[in-house]
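Notes follow the structure.
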Amino acid sequence: MREAPPAEFSSALIACAHRRRSIGDPLYYFTEIGSTNDEALRLAEAGAPEGTTVAAAAQTAGRGRLGRSWHSPAGAGLYVSVVIRDPRVIPLLTLAAGVALAEGMRAATSLPIEIKWPNDLVIEAGLGRRRKLAGILTEASTGREGVQFAVVGFGINLLPAAYPPDVVDRATSIAAELGRPIDAGALLAECLAMLSEWLEALRSGDVRTVLERWTMLSPSATGSRVECDGPEGRLTGVTAGVAPDGALQVRTGGRVEPVRSGVVRWL
């Protein structure tokens, strides 16, 4: 059942209302929910306007890219989904959200957050290793006239938790990196404000700036060895940035191949 958001959420969102515009209004808050993306999709189907946001302190059926489950324990994270209706921004929505989330988290924590293609927010852990702090999941609804709307969801690890065995060596939290907890309301407000800013860049047609900033925040997208499992089989090579459509470019065998889906392993 929808609840009143924590006081720190309300005050932080009011303080940055001029920066986030419609993003975050209205806000549906839940102590626990199955999936914020599912609820945002349901609200969008019912006609909810762009900017409608669902936030939760826990998910029982959170999910990530490729249908993977997203560990969402109570009190350890922030889980958010936003309804987007403007067709101009949807093709590069995941990339713009990556930039927004990285910059929002940097502003709220001063941590050197990076993006790892296509949808992870990470922090350097030494010896070329990176630990995951957050992830993004974008889902769209299509009809006879094309994409009707999209929902961009993100989950941020706020506090240390008992992560599943398959991610325990690759995950971390903001509190673990800072050595102290953080104000979740201020973090949410900053991320939504930055999302609004970078969506405005796409609306104005400034795709180049979005791609340039994404590239600056994603050093692993250039010069890193990767192995990709895609529709046409396995591909091994070196990352060579992103294409204008957001595909990861991989240099292999004297050619550059775009990777748009599938599993990417960073070697």
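Note that the numbering runs from 1 along the sequence shown for the chain. Bear in mind the structure is a predicted one, so any value in this text is a computation, not a measurement.
Of the options Leu92, Val210, Ile23, a side-chain contact (heavy atoms from CB on, under 4.5 Å) to Leu199 is made by Ile23 and by none of the others. Exactly one of Arg131, Lys132, Glu177 qualifies for a side-chain hydrogen bond (donor to acceptor under 3.5 Å, both in side chains) with Thr172. That residue is Glu177. Here the options are Leu195, Leu188, Leu187, the test is side-chain contact (heavy atoms from CB on, under 4.5 Å), and the partner is Cys191; only Leu187 passes.
Transitive grouping of hydrophobic side chains (ILVMFWY, heavy atoms separated by less than 4.5 Å) brings Trp266 and Val242 into a common cluster. Using a 4.5 Å cut-off between side-chain heavy atoms of Ile, Leu, Val, Met, Phe, Trp and Tyr, with links allowed through other members, Ile136 and Ile156 fall into the same hydrophobic cluster. There is a path of hydrophobic side-chain contacts, each under 4.5 Å, that joins Leu101 to Phe9. Linking Ile, Leu, Val, Met, Phe, Trp and Tyr whenever their side-chain heavy atoms come within less than 4.5 Å leaves Leu158 and Ile33 in two separate clusters. Side-chain heavy atoms closer than 4.5 Å link hydrophobic residues (I, L, V, M, F, W, Y) into clusters, and following such links, even through other members, never connects Phe154 to Val83.
For the residue pair Thr31/Glu3, the side-chain donor-acceptor check at 3.5 Å is satisfied. The closest side-chain donor-acceptor pair between Thr209 and Asp206 falls under 3.5 angstrom. Defined by atom type and a distance below 3.5 Å, a donor-acceptor pair is missing between the side-chain atoms of Glu50 and Ser22. In this model, a donor atom of one side chain and an acceptor atom of the other lie less than 3.5 Å apart for Ser81 and Asn37.
Contact check on Glu200 versus Arg203 returns a salt bridge, with a Lys/Arg side-chain nitrogen under 4.0 Å from an Asp/Glu carboxylate oxygen. At a threshold of 4.0 Å, the pair Glu114-Arg130 counts as salt-bridged, since one of the basic side-chain nitrogens sits closer than that to a carboxylate oxygen. Ion pairing of Arg42 with Glu39 is present here, as a side-chain N (NZ or NE/NH1/NH2) and a carboxylate O approach within less than 4.0 Å. By the 4.0 Å N-to-carboxylate-O rule, Asp245 lies close enough to Arg260 to be salt-bridged with it.
For Arg21, the CZ atom sits in a packed shell: over 12 heavy atoms of surrounding residues, nucleotides or ligands are nearer than 6.0 Å. More than 12 non-hydrogen atoms from other residues, nucleotides or ligands lie less than 6.0 angstrom from CZ of Arg255.
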Candidate pair Val263 and Glu227, rule side-chain contact (heavy atoms from CB on, under 4.5 Å), full reasoning | CA-CA 8 Å; Val263 176; Glu227 183 179 75; over 6 Å; no
Does the pair Arg88 and Leu202 meet the rule for a side-chain contact (heavy atoms from CB on, under 4.5 Å), with working shown?
-> CA-CA 7 Å; Arg88 292 172 295 178; Leu202 290 182; over 6 Å; no
Would you please test Thr138 and Thr94 for side chain to side chain donor-acceptor pair (under 3.5 Å) and show each step?
-> CA-CA 6 Å; Thr138 301; Thr94 298; 2.8 Å; yes
Residue pair Thr236, Thr252: steps toward the side-chain contact (heavy atoms from CB on, under 4.5 Å) verdict = CA-CA 7 Å; Thr236 301; Thr252 179; 5.6 Å; no
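When atom types are taken as modelled, the side chain of Ser11 and the backbone of Ala7 share a donor-acceptor pair closer than 3.5 angstrom. For the pair Thr52 (side chain) and Ala48 (backbone), a donor-acceptor distance under 3.5 Å is absent.
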